[in-house]
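Order of the sequence lines sets the chain letters (A, B, ...), proteins ahead of strands, with each chain counted from 1. All heavy atoms count here, side chains included; hydrogens, waters and symmetry mates do not. No experiment lies behind these values; they were computed from the predicted model shown.
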Protein chains: 2
Amino acid sequence: MSQDAAYLAQLQDYYARHRVFPPYSGIGELLGLRSKSSVAALVARLRLEGYLEATPDRRLKPGPRFFERTLAESVRAGFPQAADDSARESLTIDEFLIEHPSRTVLVRVKGDSMVDAGIHPGDIAVVERTHMARPGDLVVAIVDEEFTLKRLARDREGFLLLPANPAYPPIRPKGSLELFGVVVGIIRKYGNNGTGK
Amino acid sequence: MSQDAAYLAQLQDYYARHRVFPPYSGIGELLGLRSKSSVAALVARLRLEGYLEATPDRRLKPGPRFFERTLAESVRAGFPQAADDSARESLTIDEFLIEHPSRTVLVRVKGDSMVDAGIHPGDIAVVERTHMARPGDLVVAIVDEEFTLKRLARDREGFLLLPANPAYPPIRPKGSLELFGVVVGIIRKYGNNGTGK
DNA sequence: GCGAGTATAGAACGATCGTTCGATGTGTGC
DNA sequence: GCACACATCGAACGATCGTTCTATACTCGC
């Protein structure tokens with residue numbers, strides 16, 4: 001039933017708030033279902049679609065699709081996500097940003113040396129560890145035992161690191177350039193309550 | 001006991017894997033405690049320290065400190081997450097950015113009117129639908145049947161929308177301002193293979 | 001070596017879990 | 001209007017939950 005979508009949304013909200021699922025009876029209360037068997041039927045449906053899973057202890061856990069979001073292009077009129085089922089352009093932000101989880105690290109950005117590239121202090125860089133990068137890539141390098149996020153460039157003298165802020169000079173590594181990884185994404189969270197920026 | 005730290009780590013790993021807690025008996029198995037009362041004692045200790053909490057149904061849920069991130073700060077030497085076991089990435093990016101899943105929409109940013117705020121075309125805005133916003137917030141408003149991302153401001157004449165790019169003029173809504181939501185986060189993906197930018 | 005304090009084991013308890021069944025209600029198509 | 005499908009209800013079931021209690025091992029300081 002299409003009602004299921006609304007039920008799922010409530011479950012997702014509950015999970016976002018508590019990071020845990022309520023028991024069937026609790027789900028019933030939450031959703032306005034007075035019988036646990038109704039909940040069981042709902043759960044079975046959501047399970048088939050991959051939103052929920054069960055632990056060996058018969059408890060509920062989020063399924064692969066539980067965290068999916070639909071990406072809305074800025075449409076002309078009407079609201080985003082208008083097409084409920086047409087374009088299934090939905091996936092998890094993690095899946096979207098992180099291709100190789102085991103090699104990926106999150107690093108908080110310090111300093112404003114990359115503001116012109118749209119990277120502000122406090123942002124979180126999604127860094128994939130590697131020793132290969134091409135000129136033009138945003139990289140995290142190790143300079144003077146410090147991590148630094150810069151754009152990799154190359155001239156006739158060799159590699160160098162370019163800030164994206166005229167107030168900072170380019171860095172030309174003495175000796176070899178020690179690369180930590182390449183930046184594959186950026187995350188920024190705006191504090192609703194004055195947390196972040 | 002100092003053993004607790006190791007127990008907590010195992011619990012965090014389990015939670016990261018399943019996004020849910022096992023029952024007491026399962027915790028016992030996981031940790032090598034043969035008695036549920038041992039688990040109960042451990043849980044009580046971890047609860048006092050704020051790592052765990054209990055739902056009204058007497059189930060476990062993560063406490064405020066459970067997700068304390070060792071989000072690799074730019075350290076002096078060595079690598080981030082150097083300590084193999086100290087680095088727990090137990091919170092997903094989705095959970096980090098999205099507080100109210102049912103009210104949250106992803107919208108791709110078009111145009112460069114917000115570049116000075118570090119928001120580039122192609123970035124994805126995490127938008128929480130609401131009709132309330134405060135001056136200073138980044139908002140998605142509906143102007144001329146188009147979505148537009150601007151900073152909300154207010155002067156003696158009323159609300160207006162400020163771009164973050166000198167090439168664009170401020171927008172003063174005729175009549176009332178139609179708000180779609182507030183921007184709670186930004187995601188950017190750098191295409192390794194020429195996907196994005 | 002011995003007592004104090006703590007961590008664990010083990011068993012018993014009522015409460016609550018998720019499952020299952022048949023009955024009731026609601027909607028759609030013929 | 002009637003039959004069919006489906007969602008929900010309400011009650012019963014055994015299984016498992018978390019709590020609690022007492023008894024046993026361990027670790028110190030002296």
Side-chain angles (χ1 to χ4, degrees), chain A residues 1-66 84-86, chain B residues 1-67 85 90 101-102:
Chain A
M1 202 174 159
S2 67
Q3 181 82 321
D4 284 3
Y7 287 157
L8 175 62
Q10 285 192 264
L11 271 182
Q12 287 168 325
D13 280 350
Y14 184 96
Y15 185 88
R17 244 190 340 270
H18 298 300
R19 309 259 105 118
V20 140
F21 284 111
Y24 278 36
S25 55
I27 296 179
E29 265 181 57
L30 183 69
L31 269 46
L33 298 176
R34 249 166 304 182
S35 166
K36 282 192 293 179
S37 51
S38 316
V39 177
L42 170 67
V43 168
R45 271 174 273 142
L46 293 179
R47 254 213 291 179
L48 278 181
E49 299 181 46
Y51 292 111
L52 293 178
E53 283 185 0
T55 70
D57 326 274
R58 315 194 140 174
R59 295 191 167 191
L60 291 182
K61 57 176 273 191
R65 295 181 57 189
F66 190 78
D84 311 57
D85 48 358
S86 66
Chain B
M1 203 174 154
S2 68
Q3 181 81 318
D4 284 5
Y7 287 157
L8 175 62
Q10 284 192 265
L11 271 181
Q12 286 169 326
D13 281 348
Y14 184 97
Y15 185 88
R17 243 188 342 269
H18 295 88
R19 313 251 134 239
V20 141
F21 284 110
Y24 278 36
S25 54
I27 296 178
E29 265 181 57
L30 184 68
L31 270 45
L33 299 176
R34 250 165 302 184
S35 165
K36 283 193 291 180
S37 53
S38 316
V39 178
L42 170 66
V43 168
R45 270 173 273 143
L46 293 179
R47 260 222 279 188
L48 279 182
E49 299 181 47
Y51 291 110
L52 294 177
E53 282 184 2
T55 70
D57 327 274
R58 317 195 140 175
R59 293 191 169 193
L60 291 182
K61 59 175 272 192
R65 293 182 58 188
F66 190 79
F67 295 111
D85 50 356
S90 41
S102 67

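Of the side-chain N and O atoms in A:S25, none sit less than 4.0 angstrom from OP1 or OP2 of C:dG18. Taking side-chain N and O atoms only, B:Y7 has no distance below 4.0 Å to OP1 or OP2 of C:dA7.
To the nearest 0.5 Å, atom CG of residue A:D13 and atom NE2 of residue A:H18 are 10.5 Å apart. The distance from atom CD of A:Q12 to atom OH of A:Y51, rounded to the nearest 0.5 Å, is 8.0 Å. With values rounded to the nearest 0.5 angstrom, A:L52 atom CG is found 8.0 Å from A:L42 atom CG.
Residues A:L11 and A:L60 fail the side-chain proximity criterion, which asks for heavy atoms closer than 4.5 Å. Between A:E53 and A:K61 there is a side-chain heavy-atom pair separated by less than 4.5 Å. When side chains are defined from C-beta on, B:Y7 counts as touching B:L33, because their heavy atoms get closer than 4.5 Å.
The environment of B:E29 atom CD is sparse: at most 12 non-hydrogen atoms of other residues, nucleotides or ligands sit within 6.0 angstrom.
Between the CG atom of B:L60 and the P atom of D:dG18 there is a distance of 7 Å, given to the nearest Å. As a whole-Å value, the separation of A:I27 CD1 from C:dC17 P is 11 Å. Atom pair A:L31:CG and D:dA7:C1' shows a separation of 13 Å (rounding to whole Å applied). Computed from coordinates, the B:F21 CZ to D:dT16 P distance equals 22 Å when rounded to whole Å. Separating the CG atom of A:D4 from the P atom of D:dC6 is a distance of 13 Å, rounded to the nearest angstrom. Protein atom CG of A:D57 is 12 Å distant from nucleotide atom P of C:dT19, rounded to whole Å.
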Are there any protein N/O atoms within less than 3.5 Å of an N/O atom in nucleotides 19-26 of chain D, and if so, which ones and at what distance?
residue, atom, partner, partner atom, Å
D:dT19, OP2, B:Y24, OH, 2.9

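Place B:R59 and B:S38 on DNA chain C by their nearest nucleotides, and B:S38 ends up nearer the 5' end.
At a threshold of 4.0 angstrom between heavy atoms, the contacts of A:L33 are confined to the sugar-phosphate backbone, with no base atom among them.
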Does A:Y15 form a ring pair (Phe, Tyr, Trp, His ring centres under 6.0 Å) with A:F21? I'd like the steps, not just the answer. CA-CA 6 Å; A:Y15 185 88; A:F21 284 111; 5.1 Å; yes
Might you work through the side chain to side chain contact (heavy atoms under 4.5 Å, CB included) test for B:F66 and B:L8, ending with a clear yes or no? CA-CA 9 Å; B:F66 190 79; B:L8 175 62; 4.0 Å; yes
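For A:R45, taking side-chain heavy atoms from C-beta onward, the closest of the listed nucleotides D:dC17, D:dA7, C:dC17 is D:dA7.
The end-to-end axis angle of the helix from C:dG1-D:dC30 to C:dC30-D:dG1, rounded to 10 degrees and based on five pairs per end, is 40°.
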